[in-house]
Amino acid sequence: MLYSNRNTSEHLQMAPKTMEPLARRIFKGVLVLEVAGVVAAYGLFHKMKSSRDFRGSMNKHFPSVLEVFYKSNEWSGIYGIREADQEAWATKQE
C-alpha cells in the first residue's frame with residue numbers, strides 16, 4: 001500500500017506542464033499594452049485639444065494624426081477648430 005502511494009505521488013510530480021501560465025502572462029502583457037495605448041491616445045488627444053502650437057507641430061510632422069483629430073471633433077459636433085487653426089497659422093507666417 002505504501003508502495004502504490006509513492007508511485008502515485010511520483011506520477012503527479014512528473015505530469016507535463018501546461019501552457020496555461022504562459023498564456024496568462026501573454027494575455028496580461030497584451031492587456032497592459034492595450035491600456036497603455038488607450039492612455040497614450042487620450043493624452044495625445046488632450047494635448048492637441050488644449051494647445052494650438054502643439055497642433056501646429058503635429059501639422060508639420062504628422063498631418064494624418066491631426067486630420068483624425070479634426071474629423072473626430074467634427075463627428076462629435078465640434079466645428080471650426082480646423083478653420084481657426086489655419087487662420088491663426090496664416091497670420092503667424094505673414
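None of these values were measured; they are calculated from a predicted model. We count residues from 1, following the sequence as given.
With rounding to the nearest 0.5 Å, the separation of OG in Ser50 from CZ in Arg55 is 8.0 Å. Distance check, rounded to the nearest 0.5 Å: CG of Asn59 to CD of Gln86 gives 8.0 Å.
Legend: residues meeting salt bridge (charged side-chain N to carboxylate O under 4.0 Å, His left out) with Glu74, ordered by chain and number and at least two apart, are Arg82. By the salt bridge (charged side-chain N to carboxylate O under 4.0 Å, His left out) test, Arg52 is found to be paired with Asp85, residues two or more places apart in sequence or in another chain being considered. Annotation: side chain to side chain contact (heavy atoms under 4.5 Å, CB included) contacts of Ser51 (sequence neighbours excluded): Asp53, Phe54. In this view, Phe62 and Met58, Val65 satisfy the side chain to side chain contact (heavy atoms under 4.5 Å, CB included) rule, not counting sequence neighbours. Considering only residues two or more places apart in sequence or on other chains, Tyr70 meets the ring pair (Phe, Tyr, Trp, His ring centres under 6.0 Å) condition with none of them.
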Please tabulate, for side-chain N and O atoms in residues 23-37, each donor-acceptor pair with protein atoms closer than 3.5 Å (sequence neighbours left out).
unit_1: Arg24; atom_1: NE; unit_2: Glu20; atom_2: OE2; d: 3.3
unit_1: Arg24; atom_1: NH2; unit_2: Glu20; atom_2: OE2; d: 2.9

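Among all heavy-atom pairs drawn from Phe45 and Ser72, the shortest one is CE1-OG, 3.9 Å.
Hydrophobic clustering (side-chain heavy atoms under 4.5 Å, transitive across Ile, Leu, Val, Met, Phe, Trp, Tyr) groups Ile78 together with Leu44.
Around the CD atom of Glu87, the shell of radius 6.0 Å holds no more than 12 heavy atoms that belong to other residues, nucleotides or ligands.
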